Structures are given as structure tokens and as C-alpha cells.
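Quantities reported herein were computed from a predicted structural model and do not represent experimental measurements. Any value given below was found using the heavy atoms of this structure, including those in side chains, with hydrogens, waters and symmetry copies removed.
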Amino acid sequence: DLTEPPGVSKVASLIAACDRIRSGAARGQAVDVRQVGVGVLRRCDVLVDCTDDARLAFPLTEIGNGLGLPLLRVAVDGSGELELGRVLFSDPRDGGACQMCSRAIDDLWKVTGRTPCPGEPDPARPPTLAGGAIAAAIAGLALLQTQRAVTRNGIGQVRNREAILDLSPIQLMSMQL
């Protein structure tokens, strides 16, 4: 069971899921990357972005590349209309691709909507409706890809790849960046 009650941060939810597999093996810290010091991030093995904030894509990629840390971006469609999610993993170690490779410069400057995080109500936009099977499947895929990245066991299956899972027609697609 990868679901937590409403209001639990994604980091706390992921750590709880890891603890159910092997207690104490994972650690995590929810931070606002715009305000946290680089020293906090330097202690990480992998940066995981579950923010739903497209404006953070470029800064997080720059931080990951600058610190030489792999970046895992995890997202699900929150409209409630699709059972779709993705796990995108870039790894700057050994000259790997970054997550901006597939974007045009105009895409980076577009301001897109953001789904509010727990504790940050936004009456103009309701929280995402992601849950159930797609949330559990994407969380499991993200956990698997993170394990591969940290241990480097099966790194070729995750390094500089994007996996898209669509449960509507039941498809899993993996693409190299």
C-alpha cells in the first residue's frame, strides 16, 4: 500500500513506503529548493522532484548538474481524466544527458499552472486527483528507478531515460533522452 492520508507530503509518503520494505534504509527531506542551502542537497544521493511545478524544471536540473547528482522527476496526471504518469531520470555523472535536452528555450520561460502542495491552499486550482492504481504504479516505478540509480545495478535501464505509464490502454513506454 503506497497511499497515505491526505495532507501527507510526497517525501513522507515515499519514506513510509520504503520503511515498509526495509525500515530505516531510506531518508528524505522535503525542502524548498529556492531557499535551501546547497550543503543540504549535497548530502543527497538522488534529487527527486515531485513538485508539480514546471517552473522548477530548469533550476532543479541546473542544481543536479552542478552538484553531479542524478535527478528523478515523478509526475502523474492529476486531472482525474487519465491514468497516466511518468518517471524521468537524468544523470549528469559520466557526461549524461540533462532533462532540458528535449525542450526549446521558449518552453523554459512559459509560466505554467502549479498544483498546490499540502499546506499551500490555492482556491483557484484544486489539488490533483492522482491516486489509486496510477499513483501506486508510478511510486513503485520511481522507487525501482531510484534503487537502480543509487546502487548502479541496472543503471542502463534508468540512466537518461523517461518511462511513461498509461494504464488506460495498459502501456509502458521507455525512451532514451
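When every heavy atom of Gly64 is checked against every heavy atom of Pro92, the shortest pair comes out as O-CG, 3.6 Å. The minimum heavy-atom distance linking Ala142 with Val87 is given by the pair N-CG2, 4.0 Å. Between Val76 and Ala135, the shortest heavy-atom distance links the atoms CG1-CA, 4.5 Å.
The structure places CD1 of Ile138 at 9.5 Å from CD1 of Ile164, a figure rounded to the nearest 0.5 Å. The line from CZ of Phe89 to CZ of Arg159 is 9.0 Å long, rounded to the nearest 0.5 Å. Atoms CG and CG, on Leu71 and Leu88 in that order, are 7.5 Å from each other to the nearest 0.5 Å. Remark: Arg73 CZ to Thr61 OG1 distance equals 4.5 Å, nearest 0.5 Å.
For the pair Leu165 and Leu84, the minimum side-chain heavy-atom distance is 4.5 Å or more. In this structure, the side chains of Asp91 and Asn160 come closer than 4.5 Å at one or more pairs of heavy atoms. For the pair Leu72/Asp49, no side-chain contact is recorded, criterion being any heavy-atom separation below 4.5 Å from C-beta on.
Tracing side-chain contacts under 4.5 Å through hydrophobic residues (I, L, V, M, F, W, Y), one reaches Val46 starting from Leu141; they form part of the same cluster. Val74 and Leu167 fall within the same hydrophobic cluster, defined by Ile, Leu, Val, Met, Phe, Trp and Tyr side-chain heavy atoms under 4.5 Å apart, directly or through other members.
Annotation: side-chain hydrogen bond (donor to acceptor under 3.5 Å, both in side chains) contacts of Gln147 (sequence neighbours excluded): none. Applying the side chain to side chain contact (heavy atoms under 4.5 Å, CB included) criterion to Leu67, with sequence neighbours excluded, gives Val38, Leu41, Arg42, Ile63, Leu69. Judged as a side-chain hydrogen bond (donor to acceptor under 3.5 Å, both in side chains), and not counting sequence neighbours, Ser23 has no contacts. Annotation: salt bridge (charged side-chain N to carboxylate O under 4.0 Å, His left out) contacts of Asp166 (sequence neighbours excluded): none.
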| request: Test Arg148 against Ile155 for side chain to side chain contact (heavy atoms under 4.5 Å, CB included), laying out the working first. | output: CA-CA 5 Å; Arg148 287 174 172 164; Ile155 190 70; 5.6 Å; no
Donor-acceptor list for residues 169-177 side chains, cut-off 3.5 Å, not counting sequence neighbours:
residue	atom	partner	partner atom	Å
Ser174	OG	Arg161	NE	3.0
Ser174	OG	Arg161	NH2	3.3

